[in-house]
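Values reported hereafter were calculated over all heavy atoms of this structure, with side chains retained and with hydrogens, waters and symmetry mates removed. Protein chains get the first letters and strands the later ones, always in sequence-line order, with residue 1 at the start of each. Keep in mind that what you see is a predicted model, and the values were worked out from it rather than measured.
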Amino acid sequence: MSEDETVVAGNFVRQIIESDIEAGKHDGKVATRFPPEPNGYLHIGHAKSICLNFGIAMDYQGTCNLRFDDTNPHKENVEYIESIRQDVHWLGYDWGERLYYASNYFERLYEYAVELITAGKAYVCDLTADETREYRGTLTAAGKPSPFRERSVEENLDLLQRMRAGEFEDGARVLRAKIDMSSPNMNMRDPTLYRIRRGVIHHQTGESWCIYPMYDFTHPVSDALERITHSICTLEFADHRPLYDWILDNTSVPCHPQQIEFSRLNLEYTVMSKRKLTALVDEGCVEGWDDPRMPTIAGLRRRGFTPGSIREFCTRIGVSKSENTVQMGMLESCIREDLNVNSQRRMAVLHPLKVVITDYPEGQVEQLEVANHPQDESMGVRSIPFTGELYIDKNDFLETASKKFKRLVTGGEVRLRNAYVIRCNEVIKDAAGEIIELHCSYDPATLGANPEGRKVKGVIHWVSVEYGVEAEVRLYDRLFSQPVPDSAKEDKDYREYLNPDSLRTLTQSIVEPALAEANPGERFQFEREGYFCVDLHQPAGSPMIFNRTVTLRDSWAKIEEKQKA
RNA sequence: UGGGACGUCGCCAAGCGGUAAGGCCCGGGGUUUUGAUCCCCGUAUGCGCAGGUUCGAAUCCUGCCGUCCCAGCCA
């Protein structure tokens, strides 16, 4: 064993896979799959599964299929399919030729259903949905057998064929597995295998089928047909594993994949269920699936997150079987770490306050050459025009303040980032007493040099009035005001916890001229403010829109907080 | 009240009988023309609780307690 062997803390799924490889199971091969139902957009919880499945395939020289679990045409559509393909790719994963649809296997599935009937292990049941529920029993009381449970193989075969032929109405009959009506596991009480759905047009198979296989039947068969070795899913399917195994053990499928369950991701201040996310979109609580406040991949992308930051997040949170709610700070840390290294710096004044430098030569313009990144020279430089009239941020000036306030105060000095030290001599107010501009003087000796005999501790950013560019800036905050909005059970709906201030739009912001050439999706650090990206949806002819991805860490905000308290 | 799973720092999470990794958050200090970054330093005598086995237990055993999931012709 080598001394400097790096032990990557593997999660329990990888441990299982490693011991399987060692034991020579599946010929030492690893084949996983990511199997979303195309009934909504992918969210960060799916990213966890994608990183797990594709990551394992990459690390063990295996493969990972993308498979659409499209057995319920009612809720599915091609828009979702397209978005899922795009999102998986954007995250940085490639399924190569291995794109499948569960609907590819409808004919095979039907043959296996016939096989089960022939073996006396499945039957057509005429009970209504309500009756089925009654017969199923409860968590503590055994169910009782359906009166149709002992139909002959011939009759079952005939009925299934006629179900397929469209002879019966929706809900009239289902195909059920004949397992155990008194099993303590509800999933084993003769689960439904097929139901009738006439008149719906399936996005892949059109009108060729009017019976559709259930998840519990489709999934194990699809996995086996694709020669999946490890079928990784979330914890709520653990109860289905006996059924998964039963299907594989009682049909002539070519192999028996192993189902492994891990806990799904919960993130504070948002919701993760597709049902709830769909509701937010449908009810107009957000702009759409790609609203930058949404925890969807599309939303995070538009918000300014990078694929790498999301992958990093997934490795940081790990994979286990314990219930978890990850704090937003974890996600924010990942994107800050990425953007700190990889994004160019710019200056942008979000809440402009005019500054007139009264002793600056009339009409003079200096082109200042400024580094695009303070720690990375390879990012080059740009030039910024300096003029006698500037904007600074309203938050960077106070008429009087405590010594802790390291910005501009009346009579005080401050460094203009990348430029001169200025002193505020006069505060100009309008009739209402509102500060409208500041008259300052500047120290010509302080460009690229510290002033003699005194120290100026504050540095603030600025933009030239003459050359600045108007922009719209959207400041996002958490979507919900409660850490766990869906903990609200019956009494309160999660929608009541929507944060009314999750979006603040600034329409008066002024950004430095270099930003005028930025392209949609391009990311920057606005110095002293945060990371921003150019919105993906730029309306023609309007000011550019910048989305705030995340603020900078702000220890001043913490000090302020303490002072108030 | 049946079955399945899970309980290690505020939040994630390693640990797999030899004496509690790491990350995020947090606190303190240093550098800095971003109150950013970066760099130091600090943070569980404790692993849901109670017993037991053992020279030795977060790890094994027993019993409690707590949390989550399951009664779709959804996935």
Side-chain angles (χ1 to χ4, degrees), chain A residues 7 9-11 15 35-37 39 69 71-72 74-75 125 127-129 132-134 136-143 170-176 182-189 191-197 211-212 214-216 218-219 233-242 261 263 265 268 274-275 315-334 336-337 340-341 345 347 373-375 404-407 415-419 421 446 448-450 456-461 483 525-530 551-560:
Chain A
V7 181
N11 57 58
Q15 285 182 10
E37 182 188 12
N39 66 345
D69 218 335
T71 57
N72 186 2
H74 234 79
K75 299 171 150 184
C125 180
L127 253 25
T128 64
T132 304
R133 190 178 314 120
E134 280 169 37
R136 188 157 34 229
T138 68
L139 294 177
T140 51
D170 286 18
R173 293 179 219 266
V174 294
L175 181 72
R176 294 227 255 166
S182 61
S183 170
N185 183 340
M186 302 298 284
N187 296 301
M188 300 299 270
R189 322 247 261 227
T192 301
L193 266 23
Y194 269 95
R195 75 288 217 186
I196 301 170
R197 286 281 178 276
I211 57 173
Y212 288 92
M214 300 286 286
Y215 164 87
D216 280 312
T218 309
H219 213 81
C233 62
T234 43
L235 240 31
E236 66 271 25
F237 291 102
D239 285 342
H240 296 242
R241 187 172 0 111
E261 310 87 16
S263 60
L265 168 70
E268 280 190 346
K274 264 192 205 169
R275 203 198 96 239
T315 88
R316 280 194 203 179
I317 59 174
V319 176
S320 75
K321 298 184 77 152
S322 31
E323 201 66 34
N324 62 82
T325 304
V326 176
Q327 297 174 331
M328 272 296 177
M330 191 79 96
L331 224 203
E332 293 174 350
S333 163
C334 292
R336 285 193 188 111
E337 180 181 273
N340 174 50
V341 174
R345 311 288 113 127
M347 292 201 287
H373 193 289
Q375 279 90 224
K404 289 206 172 183
F405 187 78
K406 305 199 303 190
R407 307 176 186 183
R415 156 78 64 185
L416 291 177
R417 174 78 167 147
N418 300 126
V421 170
T446 55
N450 282 126
V456 176
K457 49 185 191 317
V459 180
I460 65 175
H461 56 95
Q525 183 195 97
F526 288 178
E527 286 189 297
R528 303 208 317 125
E529 291 288 355
T551 61
L552 255 27
R553 282 186 68 225
D554 188 356
S555 52
W556 168 242
K558 284 172 203 153
I559 295 168
E560 270 187 312

Minimum side-chain heavy-atom gap [X]-[Y] below 4.5 Å:
| X | Y | answer |
| --- | --- | --- |
| A:Pro374 | A:Arg345 | yes |
| A:Lys558 | A:Arg553 | yes |
| A:Met214 | A:Leu193 | no |

Between the base of [N] and the side chain of [X], is there any donor-acceptor pair under 3.5 Å?
| X | N | answer |
| --- | --- | --- |
| A:Arg528 | B:rU34 | no |
| A:Gln525 | B:rU34 | yes |
| A:Arg407 | B:rG35 | yes |
| A:Glu37 | B:rC74 | no |
| A:Asp554 | B:rG35 | no |

Nearest-angstrom distance, [atom1] atom, [N] to [M]:
| N | M | atom1 | value |
| --- | --- | --- | --- |
| B:rC16 | B:rA58 | P | 12 Å |
| B:rU8 | B:rC47 | P | 11 Å |
| B:rC39 | B:rU32 | C1' | 11 Å |
| B:rA57 | B:rC49 | C1' | 16 Å |

Inset, instruction - Counting heavy atoms from C-beta on, name the nucleotide in B:rA13, B:rU37, B:rC69 closest to the side chain of A:Gln375. - result: B:rU37
Inset, instruction - Go through B:rA5, B:rA13, B:rC12 for me and flag the one nearest to the A:Val326 side chain. - result: B:rC12
Pull out every protein N or O sitting under 3.5 Å from an N or O of nucleotides 22-29 of chain B, one pair per line with the distance.
residue, atom, partner, partner atom, Å
B:rC26, OP1, A:Lys558, NZ, 2.8

Inset, instruction - Select base, sugar-phosphate, or nothing to describe what A:Val174 touches, counting heavy atoms under 4.0 Å on all strands. - result: base
Legend entry - Partners meeting salt bridge (Lys or Arg N to Asp or Glu O under 4.0 Å) with A:Arg528 (sequence neighbours left out): A:Asp396
Inset, instruction - Give me the ring orientation class for A:His240 and A:Tyr215: parallel if the planes are under 30° apart, tilted from 30 to 60°, perpendicular past 60°. - result: perpendicular
Legend entry - Stacking check A:Tyr215 vs B:rA75 (5.5 Å / 30 deg): no
